[in-house]
There are 2 protein chains.
Amino acid sequence: MKEKATSFDIAHMAGVSQSTVSRALSNSPLVNKETRERIQQIARELNYKVDKNASNLRKQKSTTIALLLFEDPTSDDSMINPFFLSMLGSITRACANAGYDLLVSFQNLEDDWHAEFEDSNKADGIILLGYGDYLSYRTKLTQLEEQGTHFVRWGAHDEDHPGISIGCDNFQGGFDIANHLYNLGHRKFSFIGDADSHAPEFLARYTGFITALKKHGIPAQDISQVNAISTEDSGSEAMQFMLAENQFVDAIFCASDLIAIGVLRALRKTSLRIPEDIAVVGYDNIPVSAFTSPALTTVQQNTKKAGELLVETLLKAINKEDVADYLMPAELIIRQSCGSKK
Amino acid sequence: MKEKATSFDIAHMAGVSQSTVSRALSNSPLVNKETRERIQQIARELNYKVDKNASNLRKQKSTTIALLLFEDPTSDDSMINPFFLSMLGSITRACANAGYDLLVSFQNLEDDWHAEFEDSNKADGIILLGYGDYLSYRTKLTQLEEQGTHFVRWGAHDEDHPGISIGCDNFQGGFDIANHLYNLGHRKFSFIGDADSHAPEFLARYTGFITALKKHGIPAQDISQVNAISTEDSGSEAMQFMLAENQFVDAIFCASDLIAIGVLRALRKTSLRIPEDIAVVGYDNIPVSAFTSPALTTVQQNTKKAGELLVETLLKAINKEDVADYLMPAELIIRQSCGSKK
DNA sequence: CTGAAAGCGCTTACAG
DNA sequence: CTGAAAGCGCTTACAG
């Protein structure tokens, strides 16, 4: 293993000063073209690359973005929610395109939030991504903001939340689902998923859902709601609970596709046919949702766009440009699980 | 936005030297307990965190691992292969558990390999992950090795490849699939997927497949093979090609689940029934494979274990411990797409 | 147990 | 266009 070359080594070989090497390698026009090319040639031969730690330390910026994935501590340890995995892919790509590196770290919400502050020293900004108990990390956002850390989070728009958020219009998504189901003739509804301020995204879907149904004359108290976090198992348990309680409905709106898949699993053990006896709708449009039987009607959140937007917005914030919350439109994906003819 | 505090600020506040602050914050036993606690208390109040760039520069290590995802340039730009996404999740977790940060970067194989060398300055080691043209990056591995960079790659074991590789026993996987299909009564076979040294993993699956069939008296020349890269579209095209050429077989072994899903899609447009008229088998056991109709028989690669192994092995290499290639066993996942009774 | 000092490898004003 | 020098914020021998 060779010793790693430094800019001094190159300076020595090229017969110039180290300052000149540094300039040449950053393509500074201040350096004579021939000198520059000679230096770059030597650097290439030596496989020399600028030491990022030294360079970042000196420049006081890192050209790195940190992605903080946090999850409900109860969720399956071995798997990440496919929706966030998809976001991760998209964010990775967007960072690469912008010439930024991406530092990924995991976070259980139980942990203390040391990691963020750690990250804030290695990255120019942070992207926060995850379902999880919103209230429990709200104060942390405030701390981040006070600290002057640039961050953008994926999630529900909230009047006076700290920092910037990019999210999907969950209210609209729930609203559209309700109208779609109502127009197909369904009249008795249930919502499966947590629906309180700890899970503001689910709550917004729920609120959109009941708001639309109210317009059709169906009051909220006629719509049953069963708690569930975003996992298959949780969805399956919720459905089993409803069956055990003899709660029968025409249509179930699940707060996420994973929940819906769990619900389908539980229903398969019964004689109920989907969608003839009961319609099931999900949310997220994860890849699997197109392959369940029947294929899930769901709401698409454009993860590609979302990732790009998160990165773009964060970079603007880092550059002290003005940034604002952004709500992406939700798109209804109609498949077979709700009894549509389509 | 406050100015970021430094160890000097804390030293000033605590009335000690900056050296002592540094020691206290790294929990050095050299510092008086009370002094240490006082300093840590102040640091906490200030939300002070050690500057990683400075610390790394001084220590000459980064406690960071870089993950290099490379992909076939032809694959769909908007999506990462779900198998690698799953690996990414597992690697992220394993890094977090080991106290390492993970730097993720993308790479098109067309790019020149600057990025690796970049990364090698920001990370203590590199994990290489991806399908793609193996031959085209082989020389790069040699360069990395010469440079003294620690790296581990996911992929096919190869007698004299540079560096360490962790992989799944693709030969065994193909072998088991062949036996399974043969025992179910299938006699006329096809393999869909690239099967040359550019794609050594696919090749090993193919080799295992034909080796097992040869033992059953079916010579390699009786087994058709159609090229495809690991995407749905490529699988669908390959199947359409076979249909157009009137190549009819009992059973198709697809080099990946994505290919198999494309094959199913193409077959749905015909009158052929799966598995009655034709069996289809995939590879990878991606989440979707359990939900296709019929559900895909496939080969599982344990991504959780694989991620842990990759990280663990790389850390050992970084610590100059002896490391060796490792081949994980492949596990047959039997579902409905091959006509098994199970 | 503590402090003064060197130095990690760069970038960039400053001077020419 | 080029060089000498300062300094980014730490860690760690060295000296006491």
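Values reported hereafter were calculated over all heavy atoms of this structure, with side chains retained and with hydrogens, waters and symmetry mates removed. Residue numbering restarts at 1 for every chain, and letters A, B, ... go by the order of the sequence lines.
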Novice: Are the side chains of B:H150 and B:K316 in touch, meaning some heavy atoms are under 4.5 Å apart?
Specialist: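 The answer is no, as the side chains (C-beta and beyond) never meet within the 4.5 Å cut-off.
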Novice: Taking C-beta and beyond as the side chain, do B:T313 and B:Y326 meet within less than 4.5 Å on heavy atoms?
Specialist: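 No, too far: nothing below the 4.5 Å cut-off.
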Novice: Which residues within residues 35-43 of chain A lie with some heavy atom under 4.0 Å of an atom in DNA chain C?
Specialist: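 Output list: empty, so none.
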Novice: Atom CD1 in A:I91, atom CG in A:L314: separation rounded to 0.5 Å?
Specialist: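 So the gap between those two atoms works out to 10.0 Å.
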Novice: Measuring from A:T20:OG1 to A:L25:CG, what's the distance to the nearest 0.5 Å?
Specialist: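 Taking OG1 in A:T20 and CG in A:L25, the distance rounds to 10.5 Å.
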Novice: Between B:K33 and B:E37, does any side-chain N to carboxylate O distance fall below 4.0 Å?
Specialist: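 A salt bridge links B:K33 with B:E37.
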Novice: To the nearest angstrom, how far is B:Q60 atom CD from D:dG9 atom C1'?
Specialist: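 Rounding to the nearest Å, CD of B:Q60 and C1' of D:dG9 are 14 Å apart.
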Novice: Using the rule side-chain contact (heavy atoms from CB on, under 4.5 Å), only one of B:D124, B:L310, B:L315, B:V152 pairs with B:I65; which is it?
Specialist: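 The option that passes is B:L315.
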Novice: I want to verify a distance call: between D:dC10, C:dC1, C:dG9, whose nearest atom is closest to the B:L57 side chain?
Specialist: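 Closest nucleotide to the B:L57 side chain: C:dG9.
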Novice: Rounding to a whole Å, what distance do you find between A:K52:NZ and C:dC8:C1'?
Specialist: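 Atom NZ in A:K52 sits about 17 Å away from atom C1' in C:dC8.
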Novice: Look at all strands and tell whether B:S22 reaches a base, only sugar-phosphate, or nothing, counting heavy atoms closer than 4.0 Å.
Specialist: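 Base contact.
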Novice: Without decimals, in angstroms, what is the distance between A:D51 CG and C:dG7 P?
Specialist: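 The answer, rounded to whole Å, is 18 Å.
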Novice: Rounding to a whole Å, what distance do you find between A:L25:CG and C:dC10:P?
Specialist: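 Result: 9 Å.
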Novice: Of the nucleotides C:dC1, C:dA13, C:dC8, which has the atom closest to the A:R23 side chain?
Specialist: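 In terms of side-chain proximity for A:R23, the closest of C:dC1, C:dA13, C:dC8 is C:dA13.
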Novice: Within less than 4.0 Å of OP1 or OP2 of C:dC10, is there a side-chain N or O belonging to A:Y48?
Specialist: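 Answer yes for this pair, as a side-chain N or O of A:Y48 is under 4.0 Å from OP1 or OP2.
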Novice: Can you tell me how far the CD1 atom of B:I39 sits from the CZ atom of B:R23, to the nearest 0.5 Å?
Specialist: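 Nearest 0.5 Å value for the CD1-CZ distance: 10.0 Å.
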Novice: DNA chain C: A:K59 or B:K59, which has the more 5' nearest nucleotide?
Specialist: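 Counting from the 5' end, the first nearest nucleotide belongs to B:K59.
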Novice: At under 4.0 Å, does any side-chain N or O of B:T6 touch on OP1 or OP2 of D:dG9?
Specialist: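 So the side chain of B:T6 is outside the cut-off, no N or O lying under 4.0 Å from OP1 or OP2 of D:dG9.
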Novice: Tell me, with the steps shown, if B:L67 and B:L129 meet side chain to side chain contact (heavy atoms under 4.5 Å, CB included).
Specialist: CA-CA 7 Å; B:L67 173 62; B:L129 194 59; 4.1 Å; yes
Novice: Distance check needed: D:dT12 C1' versus B:N56 CG, whole Å only.
Specialist: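 Computing the B:N56:CG to D:dT12:C1' distance gives 15 Å.
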Novice: For B:A94 and B:G307, which heavy atoms make the closest approach, and how far apart are they?
Specialist: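 Shortest heavy-atom separation between B:A94 and B:G307 comes out as CB-O, 4.0 Å.
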Novice: For the CG atom of A:N53 and the CG atom of B:L57, what is their distance to the nearest 0.5 Å?
Specialist: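 Nearest 0.5 Å value for the CG-CG distance: 6.0 Å.
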Novice: With the threshold set at 4.0 Å, does a side-chain nitrogen-carboxylate oxygen contact exist between A:E308 and A:K304?
Specialist: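 Between A:K304 and A:E308 there is a salt bridge, with a charged N closer than 4.0 Å to a carboxylate O.
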Novice: For B:S86 and B:T303, which heavy atoms make the closest approach, and how far apart are they?
Specialist: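 B:S86 and B:T303 have their closest heavy atoms at OG-OG1, 2.9 Å.
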Novice: Given Watson-Crick or G-U pairs with both distances under 3.5 Å, what dot-bracket string fits DNA chain D, with | for other-strand pairs and [ ] for crossing?
Specialist: |||.||||||||.|||
Novice: Taking CG from A:N53 and C1' from C:dC10, how many angstroms apart are they, rounded to a whole number?
Specialist: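 After rounding, the reported distance stands at 10 Å.
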Novice: Over how many whole Å does the gap from A:K49 atom NZ to C:dC10 atom C1' extend?
Specialist: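 About 15 Å, once rounded to whole Å.
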Novice: Enumerate the residues from residues 11-21 of chain A whose closest heavy atom to DNA chain D is under 4.0 Å, giving them by residue number; use none for an empty result.
Specialist: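 Within this stretch, A:V16, A:S17, A:S19, A:T20 sit under 4.0 Å of the strand.
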Novice: Which whole-number value in Å describes the distance from B:F8 CZ to C:dA4 C1'?
Specialist: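 Roughly 10 Å, once rounded to whole Å.
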